[in-house]
Number of protein chains: 2
Amino acid sequence: MALAIKIDEESFTPRQQAVLTAALDLLVENGDGLTMTAVARRASCSKETLYKWFGDRDGLLTATVQWQAAKVRMPQVNRTGLNLSSLRESVEQFARDLLSVLIGEISVTLNRTAVTHAAQEKDSLGTIVLENGPLTIRRRLKPILEAGRDARLLRFASSEEAYRTFFGLVVRDVQIRLLLGDKTLKQTNIEADAKQATDHFFALYGYSATQ
Amino acid sequence: MALAIKIDEESFTPRQQAVLTAALDLLVENGDGLTMTAVARRASCSKETLYKWFGDRDGLLTATVQWQAAKVRMPQVNRTGLNLSSLRESVEQFARDLLSVLIGEISVTLNRTAVTHAAQEKDSLGTIVLENGPLTIRRRLKPILEAGRDARLLRFASSEEAYRTFFGLVVRDVQIRLLLGDKTLKQTNIEADAKQATDHFFALYGYSATQ
DNA sequence: GCCGAACCGTACGGTACGGTACGGCTATCG
DNA sequence: CGATAGCCGTACCGTACCGTACGGTTCGGC
């Protein structure tokens, strides 16, 4: 399962990106509304062109998810002058970014699309979403956590396990409720939630924690 | 959104339950394989009967999800003799039950079905799954938590917030990864994970915690 | 033993959509 | 200026599936 995904953002011409934008819009508006005819009409192109460029419907779907997921870039975090407060600020920034992305319509749409796709013996979209979402955040957060451990600011057995707890503390039941269309979810206060998650994380993995 | 769902398990005759079982099997085998023809063939009944009993395809889907979701019943937890260790055991039991259910194929299938459904401006299935999954657990756990608080074994501002943190600590990224079809997820050790989640929960909300 | 109700199996209509073919328009290049 | 290539718009085909109709069968009640 090498799955050599290779999309360097410039793989698509502007015209093609316009098509992908149209496809994404249709996905957001109505998850199952991504019909080839609808995309062609929305993008003012012919279906023949769609098939020439993307092969088939699945290719268009994959290109759309891949292209959009890759655009979700977390801001890099400052690592200079590592001390407790700067580390804390970095972690809290990650929590904020994670929550902001997950709550967004685009994230909900992409995750729903990938889940639907995964319900049909296909997991390519799920892999893409996981790779560009949680795993990207994990890759970025991991060195921060390990730097914190090396500086005796954090203690944990494996950074993998620490990251997953962090994920749970931040996301809680927000994502699944959004994916399921729950509208009773109060407009979460990202700032406050990120702060609390960070507090909890340091309470569990801070050096003073008994663990 | 009153949504007066009322299915008292006896609402369906044995024959109808056989049909629902066939429908669920098809859903598990292949998420989008639930066609009326396939269900009719699998259950050895006629399509006409399906339409007579369930109205339309959505009715069949709803009945299947509703009927199956209602069957996921957590065992009641012993509340006699509340002390720290019994409270801890109750909480850990909830963690185990929650993980066991979420990891199961049926839960994954029902959640995927509901997410797919929610991607089409419909949220009825999502509501059913939420109601019978997380919300049921929350309803059962809440009195335990509050009893623990009254006994000075726990401290938290709102049981809602405590429950959501508990959910995050237990579920972490397991559910979303399963929904997305991630196969790299190591066979999680439910016992160990539930214990760690419980440890973390008490570290954050136990009475001795500085909070 | 007859009747009606329920149900099975199947055949059929309607429709939506994936994928293809083709005529026509524009533009870039020689 | 002519030609070739790329693309648009649209018509078209095949298929899959929803929903309905209908003949045949079983079974309980009278």
Side-chain angles (χ1 to χ4, degrees), chain A residues 10-67 109 112-114 116-122 124-125, chain B residues 10-65 67 109 112-114 116-117 119-122 124-125:
Chain A
E10 304 303 336
S11 303
F12 299 112
T13 67
R15 183 74 182 100
Q16 288 172 331
Q17 294 189 35
V19 170
L20 295 179
T21 300
L24 181 68
D25 288 348
L26 286 172
L27 271 185
V28 171
E29 290 172 19
N30 178 2
D32 65 346
L34 192 115
T35 69
M36 302 303 275
T37 303
V39 173
R41 183 156 38 222
R42 175 74 64 106
S44 294
C45 73
S46 73
K47 286 170 64 176
E48 192 174 23
T49 302
L50 293 184
Y51 285 101
K52 170 181 265 187
W53 285 349
F54 303 104
D56 57 7
R57 182 179 183 278
D58 236 48
L60 173 60
L61 204 56
T62 302
T64 303
V65 171
Q66 172 74 31
W67 173 70
T109 296
R112 277 183 183 159
T113 304
T116 300
H117 212 244
Q120 308 165 358
E121 89 264 10
K122 308 168 184 174
S124 56
L125 290 190
Chain B
E10 306 302 336
S11 303
F12 298 113
T13 67
R15 184 74 181 102
Q16 289 173 330
Q17 294 190 33
V19 170
L20 295 179
T21 300
L24 180 68
D25 289 347
L26 286 171
L27 270 186
V28 171
E29 288 172 22
N30 179 1
D32 64 346
L34 192 116
T35 69
M36 302 303 276
T37 303
V39 173
R41 182 155 38 221
R42 176 74 63 107
S44 294
C45 74
S46 71
K47 287 171 63 176
E48 192 174 22
T49 301
L50 293 184
Y51 285 100
K52 170 182 266 189
W53 285 349
F54 304 104
D56 57 6
R57 183 180 181 278
D58 237 49
L60 173 58
L61 203 57
T62 302
T64 303
V65 171
W67 173 69
T109 297
R112 277 183 181 158
T113 303
T116 300
H117 212 244
Q120 308 164 0
E121 87 264 11
K122 311 168 182 172
S124 57
L125 290 190

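Letters go in sequence order (proteins before strands), and every chain restarts at 1.
- Scanning both residues, A:W53 and A:V19, for their nearest heavy atoms gives CZ3-CG2, 3.8 Å.
- Once rounded to the nearest 0.5 Å, the distance linking CG of A:D25 with CG of A:N30 reads 12.5 Å.
- Shown here for B:T113 and B:L125, the closest heavy-atom pair between the two residues is CG2-CD1, 4.1 Å.
- Shown here are the side chain to side chain contact (heavy atoms under 4.5 Å, CB included) partners of B:T116, two or more places apart in sequence or in another chain: A:T116, B:Q120.
- Once rounded to the nearest 0.5 Å, the distance linking CG of B:L26 with OG1 of B:T109 reads 11.0 Å.
- Applying a 4.0 Å cut-off to non-hydrogen atoms, none of the residues of residues 19-28 of chain B approaches DNA chain D.
- Summarising the geometry, atom CD belonging to A:Q16 is positioned 10.5 Å from atom CG belonging to A:L50; distances are rounded to the nearest 0.5 Å.
- Applying the side chain to side chain contact (heavy atoms under 4.5 Å, CB included) test to A:A119 and every residue at least two apart in sequence or in another chain returns B:R112.
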Check the interface with nucleotides 4-8 of chain D: list each N/O to N/O pair with the protein under 3.5 Å, or write none.
from, atom 1, to, atom 2, distance (Å)
D:dC8, OP1, A:R15, NE, 3.3
D:dC8, OP1, A:R15, NH2, 2.8
D:dC8, OP2, A:S46, N, 3.4
D:dC8, OP2, A:T49, OG1, 2.9
D:dC8, N4, A:E48, OE1, 3.3

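- Note on residues 11-23 of chain B: no pairs pass salt bridge (Lys or Arg N to Asp or Glu O under 4.0 Å), not counting sequence neighbours.
- With sequence neighbours excluded, no residue forms a salt bridge (Lys or Arg N to Asp or Glu O under 4.0 Å) with A:D56.
- The footprint of chain B on DNA chain C, defined by a heavy-atom cutoff below 4.0 Å, extends from C:dC7 to C:dG9.
- Taking both residues in full, the closest heavy atoms of A:L24 and A:T64 are given as N-CG2, 3.9 Å, listed atom of the first, atom of the second, then distance.
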Donor-acceptor contacts under 3.5 Å from residues 33-48 of chain B side chains, at least two apart:
from, atom 1, to, atom 2, distance (Å)
B:T35, OG1, B:A38, N, 3.0
B:R42, NH1, B:E29, OE2, 3.0
B:R42, NH2, B:E29, OE1, 3.0
B:R42, NH2, B:E29, OE2, 3.3
B:S46, OG, B:T49, N, 3.2
B:S46, OG, B:T49, OG1, 2.9

Give me the distances for all protein-to-nucleotides 16-18 of chain D N/O pairs that come in under 3.5 Å?
from, atom 1, to, atom 2, distance (Å)
D:dC18, OP1, B:R57, NE, 3.0
D:dC18, OP2, B:M36, N, 3.0

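- With sequence neighbours left out, A:D58 forms a salt bridge (Lys or Arg N to Asp or Glu O under 4.0 Å) with A:K122.
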